[in-house]
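This report refers to the structure that appears directly beneath it.
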Amino acid sequence: MKHPTFVLDDKFKPLFKIIYVYLSTMKNVNLLLFCLILLFSCSKKNNDDKTENPKPVLIKIGYYPTFHLPAETIINFNEKYLVFYSPVSYNLPPPAKENGEKWSIEEKKEHQKYLDEMPELRPFKVNLSQNDIERIHRISDSFKSEDFNDKDLKPAMDGMSTNIIILYSDGKLVQINPMNAPNEKQRALYGEILDLLIEKNTNKNDAVILQKIKGYR
């Protein structure tokens, strides 16, 4: 079966050519607009990624009081947890008596009081909420160049030394050793983390240790 043949009248050929060119042009314009929109969206995303400030993904704080046992804590922001532990072993043997003499009742009480003041740290790990994380980020985001400085310090004779390590999302690792002379922002950071530890802790021994550390602030 033959298909019918369509023959365009000569007088309509110029009009058809104009319509064809117009439709072809509109198709190219639409394609160009689509490419421009896609390119702009990708460029905007890249710019946003470049201008976004890096966030801490891990912070480690060391608390080293002069007259009490040291403690350290690590906050993992990506996995949302906090750990509290001792960097040293707990070993507080009673002082030896000469010639094998026995302790008096008063001496035993004094030693027990000493142990109560310096109990053994019980390490713990707790999960963090988004609000907990934002509490720390608000302080760390406010750090300026001088807050990363630990030079030209004039530490006191005693007190509590601190050590701060921050790992950022861009891979940058910062260590700050303000010793016992932290500036306002450094003190605010380790103080907020200490408050978080106190809130999350459920152990009696650790409660004593944390309050002793807090007393040095």
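Throughout, residue positions are numbered sequentially from 1 according to the sequence presented.
Shown here for Ala71 and Pro87, the closest heavy-atom pair between the two residues is CA-CD, 3.9 Å. Looking at every heavy atom in both residues, Pro56 comes nearest to His137 through O-NE2, 3.4 Å.
For Lys55, the salt bridge (Lys or Arg N to Asp or Glu O under 4.0 Å) test picks out Asp141, with sequence neighbours left out. Partners of Gln112 under the side chain to side chain contact (heavy atoms under 4.5 Å, CB included) rule, at least two apart in sequence or in another chain, are Leu115, Asp116. Under the rule for a ring-ring contact (aromatic ring centres under 6.0 Å, His included), the partners of Phe143 that lie at least two apart in sequence or sit in another chain are Phe148. For Lys109, the side chain to side chain contact (heavy atoms under 4.5 Å, CB included) criterion is met by Ile105, Glu106, not counting sequence neighbours. Listed by chain and number, the residues in a salt bridge (Lys or Arg N to Asp or Glu O under 4.0 Å) with Glu146 amount to none (sequence neighbours excluded). With sequence neighbours left out, Gln211 forms a side chain to side chain contact (heavy atoms under 4.5 Å, CB included) with Ile198, Lys214. Every residue meeting the side chain to side chain contact (heavy atoms under 4.5 Å, CB included) condition with Thr73, not counting sequence neighbours, appears here in chain and number order: Ile61, Tyr63, Leu82, Phe84, Ile193, Leu197.
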**Asked** Would Leu69 and Leu121 count as a side chain to side chain contact (heavy atoms under 4.5 Å, CB included) if you check the C-alpha gap in whole Å, the side-chain angles of each, and the deciding distance to 0.1 Å?
**Response** CA-CA 9 Å; Leu69 296 175; Leu121 186 150; over 6 Å; no
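Sorted by first and then second residue, the salt bridge (charged side-chain N to carboxylate O under 4.0 Å, His left out) pairs involving residues 57-72 (not counting sequence neighbours) are Lys60-Glu72. Sorted by first then second residue, the side-chain hydrogen bond (donor to acceptor under 3.5 Å, both in side chains) pairs that include residues 159-174, not counting sequence neighbours, are Asn163-Asn177. Judged as a salt bridge (charged side-chain N to carboxylate O under 4.0 Å, His left out), the pairs with a partner in residues 201-213 (not counting sequence neighbours) are, in order, Glu117-Lys212. Residue pairs meeting the side-chain hydrogen bond (donor to acceptor under 3.5 Å, both in side chains) criterion with at least one member in residues 120-131, sequence neighbours excluded, are Lys80-Gln130, Ser129-Asp132.
A 4.5 Å side-chain heavy-atom check between His68 and Ile213 finds every atom pair outside the cut-off.
Side chain of Lys185 to backbone of Lys144: no donor-acceptor contact under 3.5 angstrom is found.
Within 6.0 Å of CD in Glu199 there are more than 12 heavy atoms belonging to other residues, nucleotides or ligands.
Connectivity analysis of hydrophobic side chains (ILVMFWY, heavy atoms under 4.5 Å, direct or indirect) links Leu173 to Val57, Leu58, Ile74, Tyr81, Val83, Tyr85, Ile165, Leu167.
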